[in-house]
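Owing to the predicted nature of the structure, the values given are computational and were not obtained by experimental measurement. Each chain gets a letter, A, B and so on, in the order its sequence line appears, and its residues count up from 1.
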2 protein chains.
Amino acid sequence: MRSRHHDIADDLRQQIAKGGIQPSERLPSEADLADRYEVSAVTLRRALAVLQSEGLVEKIHGKGNFVRRPHRKILYVGGWGTLDPWTAAEPALRVTVRSTTVPAQAQLTNLLKVPTGSPIVETTCISHEGESPHGLARIYMPRDLVPAGVLDDDFPCREAVTRFAVLGPPPAALREKVRARPPTLDEASALRIGHASVVLSITRIATDSTGRVVEATLLAFPGDRVDAVFTTHHVTDERQTQG
Amino acid sequence: MRSRHHDIADDLRQQIAKGGIQPSERLPSEADLADRYEVSAVTLRRALAVLQSEGLVEKIHGKGNFVRRPHRKILYVGGWGTLDPWTAAEPALRVTVRSTTVPAQAQLTNLLKVPTGSPIVETTCISHEGESPHGLARIYMPRDLVPAGVLDDDFPCREAVTRFAVLGPPPAALREKVRARPPTLDEASALRIGHASVVLSITRIATDSTGRVVEATLLAFPGDRVDAVFTTHHVTDERQTQG
DNA sequence: CAGTGGTCTAGACCACGAA
DNA sequence: TCGTGGTCTAGACCACTGT
């Protein structure tokens, strides 16, 4: 049972794929497109919503609908808490960082396993590639475990943050819980994605050899830009090559 | 700027939370709700779409909108390719399985690293808990590697499939690529979720000790019902980095 | 200001499910 | 058949962006 807005989405998708509309170029206005396809504005907007949720189109209120550049997919590599080396080496990456100290409350006491009110350093990072943000991290560490320099304005850990890596020394164990969900209102605006979009959310708990939680991180990635990959080797001595 | 349909979604969400509408109970018809809130049908449907994407409400065409039971979150445990033991032991789980043999084509030749046209056994599994499906698996194995019994109608591997486990012998390595994306049309109908919902998609590649791909599985879970968890212990990992 | 997208309406018609 | 949700329309009004 094909619906009209899906047909239109398919047609536009194909036009974009064939290069009829170039990346970062503006689509005709919704009114024009509605005329062209002989549908109502609402139906045409549904078609665009499909493309937006696929990450093909970016809507900007008051300006128009724009074809997004076909970013290559970024890989978050599980187990090490980092983007893949190619991505991390990308010079176009910019990071916005802000650190504050807050007292531990409800969710944080659970994640970090600390008493309520403990001083916690919250570090918020938004990573951009060119214009489009591709990652949001909220890192929480007990204040006494924060490596020197993280609280500086200069922030020498910038490189680690760019890769969304664990900030402190390598932890003994990492537990990464992966969710797929719609963005919160904050995330939708921070990541510049629609409210109907999809977020890959990773809650990462790093513990040291004594079992103490040294870092809890809430990562949010636009689903259309980032995948996460996890590799497990059940035979310890075996070396596998991967493509 | 709050929109009317968000306010309505908030109101309904609160009513559900307070127990004003019980789980598995039907909401008033959309026409009634539209009257009650004094909005148009379209606006009311947008409000319901919000709740549906949060997994609070299940829409059934021709029957109504139903409050979903607050299922506990199911855990897919990475590295072993299985649901967590509690879930897997759940007696209410039912599985629908269908196996066919197909020749390898485009995507499959890549995933399985086999020549085009190789005989591949495709096994499709849908797992239900009560009424609601909570997982869809498409398992591909080279025909000569399929364990005896998988192709039987009786299907003794049913238990393994219930957990979405790897069907054959334990592989040497697993590579699991996790995506968050909107459902395909097939998945939306198979999983009984809206087209605007969110799917946690896992592409799982299992290789034996020689590096041969023994199984490729495409898993799709409703984002609101399933999380995936991956645990890494760097202590037992000899390749820990210094620096 | 004009042009754009964002929300909403009142009503039509279609598709599904249960009697 | 009837009540339900699913799609679509034509038009109104608001909010944002640039001039």
Side-chain angles (χ1 to χ4, degrees), chain A residues 1-12 21 24-53 56-68 131 182-183 185 188-189 192-197, chain B residues 1-12 21 24-53 56-68 131-132 182-183 185-186 188-197:
Chain A
M1 187 206 81
R2 299 296 295 169
S3 46
R4 191 78 181 94
H5 69 265
H6 271 124
D7 289 340
I8 295 172
D10 289 347
D11 189 69
L12 287 171
I21 312 171
S24 83
E25 202 173 334
R26 215 204 74 184
L27 295 176
S29 75
E30 299 186 351
D32 286 354
L33 287 172
D35 283 351
R36 178 180 316 179
Y37 287 108
E38 297 184 316
V39 296
S40 72
V42 176
T43 299
L44 187 110
R45 285 175 53 70
R46 277 206 229 173
L48 288 177
V50 172
L51 300 182
Q52 192 189 15
S53 81
L56 278 174
V57 163
E58 179 174 5
K59 315 196 67 149
I60 304 183
H61 191 168
K63 295 183 74 175
N65 295 281
F66 296 83
V67 176
R68 292 220 334 219
E131 280 299 304
L185 290 177
S189 68
R192 298 257 228 87
I193 56 181
H195 298 175
S197 291
Chain B
M1 179 210 140
R2 300 295 295 169
S3 46
R4 189 80 183 93
H5 69 265
H6 271 124
D7 290 339
I8 295 173
D10 289 347
D11 189 69
L12 288 171
I21 312 172
S24 83
E25 203 173 333
R26 214 204 74 183
L27 295 175
S29 76
E30 298 187 351
D32 286 355
L33 286 172
D35 283 351
R36 177 180 315 179
Y37 287 107
E38 296 183 317
V39 294
S40 71
V42 176
T43 299
L44 188 109
R45 284 176 54 70
R46 276 206 229 173
L48 288 177
V50 172
L51 301 181
Q52 192 188 16
S53 81
L56 278 175
V57 163
E58 179 174 5
K59 315 196 67 151
I60 304 184
H61 192 169
K63 294 182 73 174
N65 295 281
F66 296 82
V67 176
R68 291 223 333 222
E131 280 299 305
S132 313
L185 289 177
D186 286 351
S189 68
L191 296 174
R192 297 256 227 91
I193 57 181
H195 299 173
S197 292

Distance in Å, A:His5 NE2 paired with A:Arg45 CZ, rounded so as to fall on 0.5 Å steps: 13.0 Å

Heavy atoms from other residues, nucleotides or ligands near CZ of B:Arg36 exceed 12 (cutoff 6.0 Å): no

Whole-Å gap separating P (D:dG5) and NZ (B:Lys59): 7 Å

Candidates D:dC8, D:dT9, D:dG5 - which lies nearest the side chain of A:Val42: D:dT9

OP1 or OP2 of C:dT9 under 4.0 Å from side-chain N/O of B:Thr43: yes

B:Arg46 side-chain N/O to C:dG6 phosphate OP1/OP2 under 4.0 Å: no

Protein-nucleotide distance (A:Arg4, atom CZ; C:dA12, atom P), rounded to Å: 23 Å

Spacing of CD1 belonging to A:Ile8 relative to CD belonging to A:Glu38, to within rounding of 0.5 Å: 10.0 Å

Any B:Lys63 side-chain nitrogen or oxygen under 4.0 Å from OP1 or OP2 of D:dG3: no

Any A:Arg45 side-chain nitrogen or oxygen under 4.0 Å from OP1 or OP2 of C:dG6: yes

Contact summary for A:Val57 and A:Arg68, nearest pair of heavy atoms: C-CG, 4.0 Å

Presence of A:Asn65 side-chain N/O under 4.0 Å of C:dT4 phosphate oxygens OP1/OP2: no

